[in-house]
Amino acid sequence: MEINGLPLHALVVHAAVVFGPVAALAGILYAVVPRWRDRLRWPLVALAAVALVSIWVAYLSGESLEEANPTFYTDPARADLLDTHESRANLLRFSITGFAVLAFVAAWLHTRSGTTRIALGVLLAGTAVLSLVYTVLTGEAGAQMKWAGYQS
């Protein structure tokens with residue numbers, strides 16, 4: 001999984017760390033600012049879709065990168081960082097999937113009111129916050145793993 005000699009993972013993580021948080025912020029705003037719901041409905045769906053795809057591609061390309069380089073992280077400190085990065089990536093892919101599904105459902109049921117709207121808003125905001133947190137934590141662990149031992 002390479003593009004022009006570069007690992008796909010190194011390229012696609014940039015989309016994941018941009019679109020994941022932007023989609024999550026759009027989801028939070030959609031859930032908590034009622035007057036913006038009409039304007040945010042379709043941008044939320046588009047951002048959630050792009051975030052979902054980019055995070056899953058980042059996950060799958062990371063797995064491929066690790067399989068292609070089995071001795072790359074023979075240093076125990078980096079191996080621990082890799083384990084942390086992988087476990088956070090697992091949680092991120094499930095949280096972003098739940099968030100995207102809820103974003104699609106919220107857009108589909110956009111005109112609903114009462115309990116349905118409240119429940120969707122709470123679930124959407126909750127999964128958005130979870131996705132936002134795990135995007136940051138996963139990216140931080142990946143950066144620590146990649147740049148461990150380098151001094152500026």
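- Scanning both residues, Ala89 and Thr138, for their nearest heavy atoms gives N-OG1, 3.6 Å.
- Here the CG-CD1 distance, from Leu60 to Ile55, works out to 12.0 Å after rounding to the nearest 0.5 Å.
- Ile3 meets the side-chain contact (heavy atoms from CB on, under 4.5 Å) test with Leu8, Leu11; sequence neighbours excluded.
- Partners of Val32 under the side-chain contact (heavy atoms from CB on, under 4.5 Å) rule, at least two apart in sequence or in another chain, are Ile28.
- Both Leu137 and Val129 are assigned to one and the same hydrophobic cluster, defined by single-linkage of ILVMFWY side chains at heavy-atom distances under 4.5 Å.
- Under the ring pair (Phe, Tyr, Trp, His ring centres under 6.0 Å) criterion, no residue pair touches residues 3-22, with sequence neighbours excluded.
- Counted within 6.0 Å of OH on Tyr134, heavy atoms from surrounding residues, nucleotides or ligands total 12 or fewer; the atom is thus considered open.
- In the hydrophobic clustering of this structure, Leu109 groups with Leu44; members are Ile, Leu, Val, Met, Phe, Trp, Tyr whose side-chain heavy atoms approach within less than 4.5 Å, directly or through other members.
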Validation: residues 95-104 side-chain donor-acceptor distances under 3.5 Å, sequence neighbours left out:
residue: Ser95; atom: OG; partner: Leu91; partner atom: O; Å: 3.3
residue: Ser95; atom: OG; partner: Leu92; partner atom: O; Å: 3.1
residue: Ser95; atom: OG; partner: Ser131; partner atom: OG; Å: 3.4
residue: Thr97; atom: OG1; partner: Trp56; partner atom: NE1; Å: 2.9
residue: Thr97; atom: OG1; partner: Arg93; partner atom: O; Å: 2.6

Please list every donor-acceptor pair under 3.5 Å in which a side-chain atom of residues 112-125 meets a protein atom from a residue at least two apart or in another chain.
residue: Arg117; atom: NE; partner: Arg112; partner atom: O; Å: 3.2
residue: Arg117; atom: NH2; partner: His110; partner atom: O; Å: 2.5

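- Following chains of ILVMFWY side-chain contacts shorter than 4.5 Å, one cannot reach Trp42 starting from Leu25, and the two form parts of different hydrophobic clusters.
- Within the hydrophobic cluster formed by Ile, Leu, Val, Met, Phe, Trp and Tyr side chains joined at under 4.5 Å, directly or through other members, Phe94 stands alone, with no partner residue.
- Cluster membership for Val53 and Val12, using ILVMFWY side-chain heavy atoms within less than 4.5 angstrom, is shared.
- With sequence neighbours excluded, no residue forms a side-chain hydrogen bond (donor to acceptor under 3.5 Å, both in side chains) with Glu66.
- Listed here is the closest heavy atom pair of Pro21 and Ala16: CD-O, 3.7 Å.
- Residues passing the side-chain contact (heavy atoms from CB on, under 4.5 Å) test with Val33 are Leu29, Arg35, Trp36, sequence neighbours excluded.
- We find the CG-OH distance between Leu40 and Tyr30 to be 8.5 Å, quoted to the nearest 0.5 Å.
- Pairs of residues two or more places apart, or lying in two chains, never qualify as side chain to side chain donor-acceptor pair (under 3.5 Å) while including a residue from residues 79-88.
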